[in-house]
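Take a look at the structure set out below.
What you are looking at is a predicted structure, and each value in this text was computed from that prediction instead of being measured. Quick note: numbers below take in every heavy atom, side chains included, and nothing from hydrogens, waters or symmetry partners.
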Amino acid sequence: MSNYRQLTQTEIEVLEHNVCWAEDWQRVMVAEGFKPYNFHRVIFYGDIRLGEFHKQVEVTKGFFKHSGINDATLRNVTVGNDCLIEKVGNYINNYTIGNDCYISNICTLETTDDATYGEGSVISVLNEMGDGNVTIFRELNSQIAAFMVKYNHDKQLKKALQQMIEDELRVSRPERGYIGNNVKIINAKDITNTVIKGDCEISGAARLSECTVMSSMDAPVFIGTGVICENSIICDGCSINNSVKMQDCFVGEACQITNGFTAEASLFFANSFMANGEACAAFCGPFSASHHKSSLLIGGEFSFYNAGSNTNFSNHAYKMGPLHYGTLERGTKTASGSYILMPATIGAFSVCFGKLMHHPDTRNLPFSYLMAYGDDCYLVPGRNITTVGLYRDIKKWPKRDKRSKQSKKSIINFDWLSPFTVGEILEGIKVLEALRNASGDNVSTYNFHEYVINASSLRKGLKYYDIALRIFMGAVLKRAQKEGFFGRPKTIVGKGRWTDLSGLLLPESEELRIVRDVKNGDIDNIQQLLDRFVEINENYSDYRWSWSYQMILDYYGLEEITEVDVEHIHEDYIKARRAWIAEIRKDAEKEYAMGDVDKEVFDEFLEKLDHEIDYEN
C-alpha cells in the first residue's frame with residue numbers, strides 16, 4: 001500500500017485513550033480508511049505504517065476476534081490490512097507484515113543489520129570437514145545442488161556459479177524482513193532476520209533466525225512446536241515440527257522433518273521425510289527417508305532411499321503390504337565415492353547389510369542384492385528386477401509426489417528403465433559374461449573382487465537383465481510410434497553415456513554442454529541455468545529415442561528398424577513382460593507362504609498383476 005496519510009488529532013486522542021503511545025505521532029502513517037478503535041496498549045517507535053482494520057479474524061475454528069493491535073511494541077514496522085497482532089512480549093522491529101495475518105503470543109520479531117535471511121552461505125555436503133561446495137539460496141533445486149557438488153573441483157565453473165548466485169541475491173534480497181499475506185504466527189519465541197511468505201503457519205516455534213520460508217497458497221508451510229531453525233531455507237509445502245533442530249540447511253518442496261530430527265549443513269529435496277534421527281553434510285535427493293532414532297545420514301548422497309532399513313536392520317522381506325518403503329533408486333554415494341549397500345528397490349545399485357561396496361566396478365551390477373554370511377559377501381546380480389518391492393515402487397513413487405503444480409522446482413524423472421539404468425544393465429551383462437568366459441560354466445561360484453557370485457545367480461542375473469532390456473526396448477519403441485518420432489532419430493543428442501543429476505536423467509553430453517556454457521558465459525544467470533535443465537527434461541523422449549534406437553540396432557543386429565522388426569520386437573516385449581510378471585508372482589507367493597501377508601492383501605496384489613496384460617499394446 002502506497003497511499004498513507006497522517007493521523008488526525010481525533011484519532012490520536014482515541015489511541016491515547018486506549019493507552020497507546022508514540023515516540024512521534026507524526027511518523028505514524030495510516031491508510032485512508034484507518035479506524036483507531038481496535039488498538040489497545042500499543043507503543044510506536046520510529047516509522048510506522050498501518051493499513052485498514054475492518055474484518056474479523058478467525059483465531060481458531062469458529063472463534064473470531066476483531067482485527068487490530070493489542071499489547072505490542074512496534075518500531076519501524078509496516079502492517080497491512082485486517083491483521084490481528086496481540087500479546088507481543090518484547091517487540092516487533094524493522095518488519096513489513098502483509099494482509100490478513102494473525103500474530104499472537106510471540107516474544108521478538110526483528111530484522112537486524114546485515115541480515116541474510118539464510119541466503120548466500122556456503123555449506124559442505126558429502127564431506128563435513130571439507131571446503132564449502134553448495135551455496136544456499138531460494139532458487140536452489142536438486143539439479144543445481146548436484147551440479148555444484150559434482151563440479152566443485154572446477155574452479156572456473158565454481159567461480160562463475162558463485163557470481164550468478166551473488167547477482168541473484170543482489171536483486172532479490174529484501175531491505176528488511178517481511179511476512180506475506182495470510183500468515184499465522186502464534187506462541188513463538190524468537191523470529192529474527194526471517195522472510196516468511198504467504199499462507200504459512202508457525203505455531204510454538206522456539207527460534208527462527210536467518211531463514212527464508214517459501215510458503216504459498218497452494219503449498220503452505222507449517223512450522224510447529226519447539227522448532228529451532230537457523231540459517232536455512234524452507235520451501236513450499238514443507239512441514240517442520242516437534243522440536244526439530246536445523247542449522248545451515250536447505251529443505252526442498254513438500255518435505256516433512258519431524259520428531260526431534262537434527263540436521264546441520266544438509267540438503268533435503270522434494271518429498272523427503274526425516275524423523276527422529278540426524279543428518280550432517282548429507283545430500284538427500286528426492287524421496288529420501290529416515291525414520292529411526294539411531295539413523296545418522298552423514299557425508300552421503302541419497303535418493304529414493306530409506307535410511308532406517310540398513311542401520312536398524314528393518315525387515316525388508318515385508319514388501320507386499322502398505323508399510324513397505326522403497327529404499328534406493330540411483331545410488332547412495334559417500335564422500336569417498338564408494339557406495340553404501342542398502343536393499344535396492346527401484347534402482348541401479350544394491351545392498352549388503354552393514355557393509356560397504358568399496359570397488360567402483362560393482363556399480364555395473366545394478367538391481368542386485370548383496371548378502372553377508374559370516375566373512376563372505378554374496379552378490380546376487382539383477383535379483384531385484386523381479387521382486388514385489390520393485391513392482392510396487394514403480395507404481396507408488398509418482399503417486400507420492402505431494403508437490404503442487406506451481407512448486408516443482410526440482411525435476412524428477414520416475415522411469416525405472418531409462419538410458420541411465422539400462423546403460424548400467426548393459427555394463428552388468430558385460431561383467432557377468434566376462435566372469436563366465438574367464439572361469440567357464442563348470443564352476444559352482446565366481447569371484448568378483450571380494451564378492452562371491454553363485455553360478456545359478458549369475459545365470460539368473462543374465463536372464464533378468466535380458467528381460468529388462470526387452471521390456472525397455474519394446475516400451476520405448478511403442479512410445480516412439482505413439483508420439484510420432486519413430487524412425488531414425490532426428491538428433492544425435494542422447495547417444496553415449498547418460499547421467500543422473502539428482503532426479504534429472506540426461507545425456508552426459510548435455511551435462512558437459514552446460515559446464516561449457518556456464519564457463520564461457522552463454523549461461524550467465526540462475527534462471528537461464530534452471531531453464532536449461534527444464535529444456536533437457538522436456539527433450540527427454542527425443543534423447544531417449546536417440547540412445548535407444550542404436551541400442552535396438554545393436555541388440556538385434558539390424559541396419560534399420562523395419563515394420564517386420566517392429567512386430568518381432570513387440571513380441572519379445574510381450575514375452576519379457578509376461579516372464580517378468582510371472583517372476584514377481586512367484587516372489588509374492590513365496591512371501592505369502594512365509595505368513596507375513598494377509599490373504600486379502602495377497603489377493604489384491606495378484607489382481608493387479610492380472611491386469612498387467614492391459615498395458616501390453
Side-chain angles (χ1 to χ4, degrees), residues 1-2 4 22-24 27-29 42-51 69 71-81 83-121 136-139 166 168-203 205-215 221 223 227-235 240 246-251:
M1 183 181 298
S2 57
Y4 291 99
E23 183 182 37
D24 183 354
R27 295 173 69 181
V28 178
M29 307 292 288
V42 184
I43 299 175
F44 300 109
Y45 289 90
D47 295 314
I48 302 294
R49 301 289 183 269
L50 302 174
I69 303 178
D71 301 299
T73 299
L74 277 59
R75 176 180 179 271
N76 296 336
V77 173
T78 295
V79 181
N81 296 329
C83 294
L84 175 58
I85 300 174
E86 57 184 6
K87 301 290 189 294
V88 178
N90 203 353
Y91 52 76
I92 300 176
N93 180 31
N94 292 328
Y95 249 88
T96 298
I97 299 170
N99 302 325
D100 302 294
C101 293
Y102 174 43
I103 299 174
S104 177
N105 195 33
I106 69 166
C107 182
T108 303
L109 177 61
E110 179 176 29
T111 306
T112 63
D113 293 339
D114 301 320
T116 66
Y117 314 105
E119 295 195 277
S121 59
I136 295 177
F137 66 110
R138 66 180 69 185
E139 295 303 321
E166 289 175 4
E168 178 80 15
L169 294 181
R170 191 160 41 247
V171 297
S172 66
R173 181 172 283 159
E175 294 182 2
R176 66 183 187 183
Y178 70 89
I179 293 170
N181 300 332
N182 302 299
V183 170
K184 181 178 182 179
I185 305 175
I186 60 172
N187 304 323
K189 292 183 180 178
D190 180 21
I191 299 177
T192 305
N193 300 339
T194 295
V195 167
I196 302 169
K197 295 292 191 71
D199 297 275
C200 176
E201 179 176 348
I202 298 173
S203 178
R207 176 173 169 79
L208 299 178
S209 176
E210 300 290 358
C211 293
T212 294
V213 183
M214 302 290 289
S215 185
V221 169
I223 299 177
V227 171
I228 298 175
C229 188
E230 299 176 331
N231 201 47
S232 298
I233 294 176
I234 299 166
C235 290
I240 316 292
M246 185 187 307
Q247 185 172 13
D248 301 318
C249 291
F250 182 93
V251 185

To the closest 0.5 Å, what do you measure between [atom1] ([X]) and [atom2] ([Y])?
| X | Y | atom1 | atom2 | result |
| --- | --- | --- | --- | --- |
| D100 | N182 | CG | CG | 5.0 Å |
| I185 | L208 | CD1 | CG | 8.5 Å |
| I43 | T73 | CD1 | OG1 | 4.0 Å |
| L50 | L74 | CG | CG | 7.5 Å |
| I186 | L84 | CD1 | CG | 11.5 Å |
| I196 | Y95 | CD1 | OH | 5.5 Å |

Can I get a per-line list of side-chain donor-acceptor pairs under 3.5 Å for residues 227-234, giving both atom names and the distance, sequence neighbours left out?
residue : atom : partner : partner atom : Å
E230    : OE2  : R207    : NE           : 2.9
N231    : ND2  : S121    : OG           : 3.1
N231    : ND2  : D248    : OD1          : 2.6
S232    : OG   : E230    : O            : 2.9
S232    : OG   : D248    : N            : 3.4
S232    : OG   : C249    : N            : 3.0
S232    : OG   : C249    : O            : 3.4

Any pair with a residue in residues 89-98 that passes salt bridge (Lys or Arg N to Asp or Glu O under 4.0 Å), sequence neighbours left out, goes on the list, sorted by first then second residue, please. none
Here the salt bridge (Lys or Arg N to Asp or Glu O under 4.0 Å) pairs for residues 102-117, sequence neighbours left out, are none
State, with a plain yes or no, whether a side-chain heavy atom of I179 is found less than 4.5 Å away from one of L109. yes
State, with a plain yes or no, whether a side-chain heavy atom of I106 is found less than 4.5 Å away from one of I202. no
What's the shortest heavy-atom distance between [X] and [Y], and which atoms?
| X | Y | result |
| --- | --- | --- |
| N94 | T111 | O-OG1, 2.7 Å |
| Y178 | K197 | OH-CE, 2.7 Å |
| A205 | I223 | CB-CG2, 4.1 Å |
| L169 | G120 | CD1-CA, 3.5 Å |
| S215 | G198 | OG-O, 2.9 Å |
| V183 | D199 | CG2-N, 3.9 Å |

Residues that Y102 engages under ring-ring contact (aromatic ring centres under 6.0 Å, His included), provided they are two or more places apart: none
Under 3.5 Å, side chain of [X] to main-chain N/O of [Y], donor-acceptor pair present?
| X | Y | answer |
| --- | --- | --- |
| T96 | T78 | no |
| N181 | N99 | yes |
| E201 | K184 | no |

Looking at residues at least two apart in the chain, or sitting in another chain, which of them share a salt bridge (Lys or Arg N to Asp or Glu O under 4.0 Å) with [X]?
| X | result |
| --- | --- |
| E86 | K65 |
| R27 | D47 |
| E119 | R138 |

Identify, with sequence neighbours excluded, every residue that meets side chain to side chain donor-acceptor pair (under 3.5 Å) alongside [X].
| X | answer |
| --- | --- |
| D24 | none |
| T112 | N193 |
| S104 | none |

Any side-chain donor paired with an acceptor under 3.5 Å for N105 and N187? yes
Excluding sequence neighbours, so at least two apart, what forms side chain to side chain contact (heavy atoms under 4.5 Å, CB included) with N90? C107, T108
Report the residues that fulfil side chain to side chain contact (heavy atoms under 4.5 Å, CB included) with A22, sequence neighbours left out, ordered by chain and then residue number. W25, V28, F44
With side chain to side chain contact (heavy atoms under 4.5 Å, CB included) as the test, would you mind laying out the steps for V79 and I92 before giving the verdict? CA-CA 11 Å; V79 181; I92 300 176; over 6 Å; no
